[in-house]
Amino acid sequence: MNYKMIGRFIGKILLVEAAFLAPALLISIFFQETEAARAFFITIIINIVVAGVMLGAAKGAQKGFHVREGLVCVGISWIAMSVLGCLPFFLSGAIPNYVDALFETVSGFTTTGASILSDVESMPKGLLYWRSFSHWLGGMGVLVFLLAVSSGDERNKGFTMHLLRAESPGPKVGKLVPRMKRTAELLYLMYILLTVLDVVFLLIGKMPLFDAICTAFGTAGTGGFGIRNDSIAGYSPYIQNVCTVFMLLFGINFSCYYLILIRQFKSVWKDEELRLYLGIVLGSILLITINLRDYYSSLGETLRHAAFQVASIVTTTGFATTDFDLWPGFSRTILLCLMIVGACAGSTGGGFKCGRVLLILKGLRRSVQQIVHPGKIQVVRVNGRVIEEKVMENTNAYLAAYALIIVSSFLLVSIDGFSVETNFSAVISCFNNIGPGLAAVGPTCNYSAYSVFSKIVLIVNMLAGRLEIFPILILFSRTTWRHR
């Protein structure tokens, strides 16, 4: 285990976090939020000091970096960011309980959007900005950002691919271009352009600039932290429709946007995961609209709320325009299924991922065919390409770990005594990085009533869900820390 190299990267990550805390500090100073400004300043100093110590201890580190180090580096980096990133909430007194502050921050970085706050509008604007920006930073991944801005002197050491694979969502990570640094740059360039475009459309709808920036951060990272107590419900239908469109756009694999940039439009249209994603979205909107035909005053309003909530849940964003917990059981069941399925691999969305669902379905069909024709060699193809057996095995292993963690977490949080619907949807929501669940954790409620123990379980769920399980799971394995 290359401990020095891991420490070096964590130190760099904390410096990046310190730099991104600076705008929140300036916002707090501008709005004369003394306690928030003091908290941000202290947090920045702590980040710099801790980063300096880690970088100093990592001098002379050998640059060898393998899969194990990549997974450990990603897992510890996200934990370290959260542990220090929650300090502004805690030190300012806005969230006086440290575990609650940690829950809120982990929810932000993992783009979950689950909150313990009942009155977000009373929060200082600097803290609201940091809370929303954590979505944007966590959406694409802070290590991907570090790869994008790094000098590239270590690009031949193999560390870049291991880090990108560990942090990026989906069954398999590949390069958009031959150089990994250039891939990271392209990902963030497309991410920034889509975010700016989102802000522009929101401003056209006369949304205040601060609101537009924070809302775009939540939409781009598919996070869902709103700066109003009613989430997006208080904004105009135009703004709600803009959010619907951009949530769906950020739920698409970013490689599709790269193919559009190089004008390979046919490849985009033939993408089987994209077709499955759009089919699930359109089918869900249609079924919910029919089910809610008498729930709202007009068909247009029904369609708007149905489309918004489907987009919000399937992309694991978590914004809300209405209390969908009051919808009929059929519509709520569809939303619960969407919580599990999630968005496309390679997007900022969470969930099991449409790419994995596609592989599971194709693998199931192959198993049936092998039973009928045992002597025939069957392969799984996606977009005309043969899928390696290793990818299929990893997908099955992920499914097993996914089910095991959900069941275990469900049992653990059930100790608090809430209803089955509340506990199950809370675990599903946190593990799939969605935010709102059903019943006592529905869109008009929050997670504050859970015990400290349950919040810690849900924090682990959020981290494991965002990092695709294994970078967190590997931290609990004794073999991880043994020297080779």
Side-chain angles (χ1 to χ4, degrees), residues 71 75 78-79 82-83 97-116 169 224 313-314 316 318 324-325 329 332-342 350-353 356-357 360 394-480:
L71 291 170
W78 279 69
I79 293 172
S82 301
V83 167
N97 183 288
Y98 180 80
V99 174
D100 285 349
L102 181 62
F103 183 96
E104 198 78 10
T105 304
V106 171
S107 181
F109 280 130
T110 59
T111 71
T112 302
S115 180
I116 51 86
I313 297 301
V314 77
T316 70
F324 57 78
D325 195 42
R332 288 188 293 128
T333 301
I334 292 176
L335 293 182
L336 188 63
C337 292
L338 294 179
M339 289 181 185
I340 297 173
V341 173
F352 190 75
K353 302 291 185 305
R356 287 196 181 92
V357 172
I360 292 293
N394 290 341
T395 301
N396 292 330
Y398 185 90
L399 176 60
Y402 181 92
L404 181 62
I405 291 174
I406 286 179
V407 172
S408 301
S409 301
F410 175 49
L411 289 173
L412 291 174
V413 301
S414 296
I415 295 173
D416 280 359
F418 293 106
S419 69
V420 172
E421 186 178 30
T422 296
N423 292 328
F424 184 70
S425 64
V427 170
I428 291 292
S429 180
C430 287
F431 190 57
N432 290 289
N433 306 134
I434 295 160
L438 301 173
V441 291
T444 61
C445 306
N446 58 62
Y447 289 73
S448 60
Y450 274 108
S451 66
V452 171
F453 173 76
S454 291
K455 287 172 184 173
I456 292 174
V457 171
L458 295 175
I459 285 172
V460 175
N461 283 171
M462 289 188 280
L463 287 168
R466 170 58 183 87
L467 298 179
E468 306 283 291
I469 299 176
F470 296 108
I472 295 297
L473 207 59
I474 198 174
L475 299 180
F476 297 95
S477 173
R478 285 188 297 177
T479 58
T480 301

Between [Y] and [X], is there a side-chain heavy-atom distance shorter than 4.5 Å?
X	Y	value
I469	F431	yes
L412	S454	no
I360	N396	yes
I428	I406	yes
V441	N446	no
I313	F324	yes
D325	T444	no
N433	M462	yes

Calculate, to the nearest 0.5 Å, the distance between atoms [atom1] and [atom2] belonging to [X] and [Y] respectively.
X	Y	atom1	atom2	result
F424	S429	CZ	OG	11.5 Å
L336	N432	CG	CG	9.5 Å
D100	T105	CG	OG1	10.5 Å
L102	I79	CG	CD1	9.5 Å
I472	L467	CD1	CG	5.0 Å
L338	I434	CG	CD1	8.5 Å

>> Using a 6.0 Å distance limit plus a 45 degree cone around the ring axis, check whether R356 lies over the aromatic ring of Y398.
In response: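 Yes, R356 lies over the aromatic ring of Y398.
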
Looking at [X] and [Y], what are the two nearest heavy atoms and their distance?
X	Y	result
A440	C445	O-CB, 3.1 Å
G351	T316	N-CG2, 3.8 Å
S419	A439	OG-CB, 4.3 Å
T333	G329	OG1-O, 2.7 Å
G437	P443	O-CD, 4.0 Å

>> The test is side-chain hydrogen bond (donor to acceptor under 3.5 Å, both in side chains); show your working for Y450 and N423 and say whether it passes.
In response: CA-CA 10 Å; Y450 274 108; N423 292 328; 2.8 Å; yes

> Quick check: does any side chain N or O of S408 sit under 3.5 Å from a backbone N or O of I405, one acting as donor and the other as acceptor?
Replying inline: no

>> Using a 3.5 Å distance criterion without hydrogens, assess whether the side chain of N97 forms a donor-acceptor pair with backbone atoms of V99.
In response: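 Yes; judged by distance alone, with no hydrogens or angles, the pair exists.
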
> Should the pair W78 and F109 be assigned to parallel (<30°), tilted (30 to 60°) or perpendicular (>60°) ring geometry?
Replying inline: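 Ring orientation of W78 relative to F109: perpendicular.
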
> Can N461 and S409 be counted as having a side-chain donor-acceptor contact under 3.5 angstrom?
Replying inline: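 On atom types as modelled, these side chains qualify, holding a pair under 3.5 Å.
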
> Are K455 and E104 within salt-bridge range, i.e. N to O under 4.0 Å?
Replying inline: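 Result for this pair is no, no salt bridge flagged.
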
> Can you list the residues that meet the ring-ring contact (aromatic ring centres under 6.0 Å, His included) rule with F470, with sequence neighbours excluded?
Replying inline: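 Applying ring-ring contact (aromatic ring centres under 6.0 Å, His included) to F470 gives none.
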
> Considering residues at least two apart in sequence or located in another chain, which fulfil the ring-ring contact (aromatic ring centres under 6.0 Å, His included) criterion with Y447?
Replying inline: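 F103.
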
